[in-house]
Amino acid sequence: MDDHIDFMQQALVLAEQAAQKGEVPVGAVVVANGEVVGRGYNCPIGSSDPTAHAEIIALRDASKNLENYRLAGCDLYVTIEPCTMCVGAMIHARINRIIFGAPEPRAGALTSQLALLESDHFNHSMQWTGGILEDQCRALMKNFFKQRR
């Protein structure tokens with residue numbers, strides 16, 4: 001459990017960096033053998049790229065660092081429950097496990113709106129865990145949108 005907290009705290013730092021740039025505060029890290037190999041935070045506005053979600057950026061970083069588009073055995077930590085696009089990318093990357101902080105009631109694709117991983121037609125299955133540092137992850141998101149309104 002301590003590792004989950006440590007890696008989620010690292011994702012929260014990245015989410016705060018996104019917020020400082022006016023991006024929705026989501027951060028993600030990819031972990032292999034107990035070490036962070038990929039990092040990312042939301043940056044679709046600044047990069048003019050609708051796919052530049054924290055998870056996608058972290059997957060790209062990990063793939064580059066590991067020199068492999070397959071990330072078998074890696075875990076991905078993200079502050080907010082991933083969307084459909086991000087879950088799909090994790091399936092294609094062969095991520096082992098997704099660990100998220102707070103649920104995303106509007107677009108979450110693991111438990112909130114969809115349960116994509118319950119489908120048996122994908123060629124890869126992943127485990128997932130939610131609720132790691134949930135209060136901190138939720139508060140960061142709520143405060144960001146409260147300040148914008």
Find the distance between [atom1] ([X]) and [atom2] ([Y]) and round it off to the nearest 0.5 Å.
{"X": "E104", "Y": "I80", "atom1": "CD", "atom2": "CD1", "value": "7.0 Å"}
{"X": "L110", "Y": "M90", "atom1": "CG", "atom2": "CE", "value": "7.0 Å"}
{"X": "T79", "Y": "I99", "atom1": "OG1", "atom2": "CD1", "value": "13.0 Å"}

Does H4 reach the side chain of V31, with side-chain heavy atoms less than 4.5 Å apart?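 Heavy-atom side-chain distance check fails, nothing below 4.5 Å.
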
R39 side chain reached by Q10 side chain, heavy atoms, under 4.5 Å: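 Answer yes - side chains close enough.
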
Report the residue from P82, C43, C86 that forms a side-chain contact (heavy atoms from CB on, under 4.5 Å) with H53.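 Of P82, C43, C86, side-chain contact (heavy atoms from CB on, under 4.5 Å) with H53 is met by C86 alone.
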
Hey, what's the ring geometry for F100 with W128, parallel, tilted or perpendicular (30° and 60° as the breaks)?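 It falls in the parallel class, under 30°.
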
Nearest non-hydrogen partners of [X] and [Y], listed with the distance:
{"X": "A28", "Y": "A58", "answer": "O-CB, 3.8 Å"}
{"X": "M141", "Y": "V24", "answer": "SD-CG1, 3.6 Å"}
{"X": "A89", "Y": "I56", "answer": "CB-CD1, 3.4 Å"}

Distance flag, aromatic centroids of H92 and Y69, threshold under 6.0 Å: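 For Y69 and H92, the ring centres are not under 6.0 Å apart.
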
Salt-bridge test for D49 and R60: reply yes if a basic N is under 4.0 Å from a carboxylate O, no otherwise.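 The answer is yes: the pair qualifies as a salt bridge.
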
Salt-bridge present (R97, D75; N to O < 4.0 Å):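 Counted as a salt bridge, because a side-chain N and a carboxylate O are separated by less than 4.0 Å.
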
Are L12 and V29 co-members of a hydrophobic cluster defined by side-chain heavy atoms under 4.5 Å apart?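 Looking at the clustering, L12 is in the same group as V29.
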
Same apolar cluster (I L V M F W Y, side chains within < 4.5 Å links), L14/L140: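 Same cluster: L14 reaches L140 through Ile, Leu, Val, Met, Phe, Trp or Tyr contacts under 4.5 Å.
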
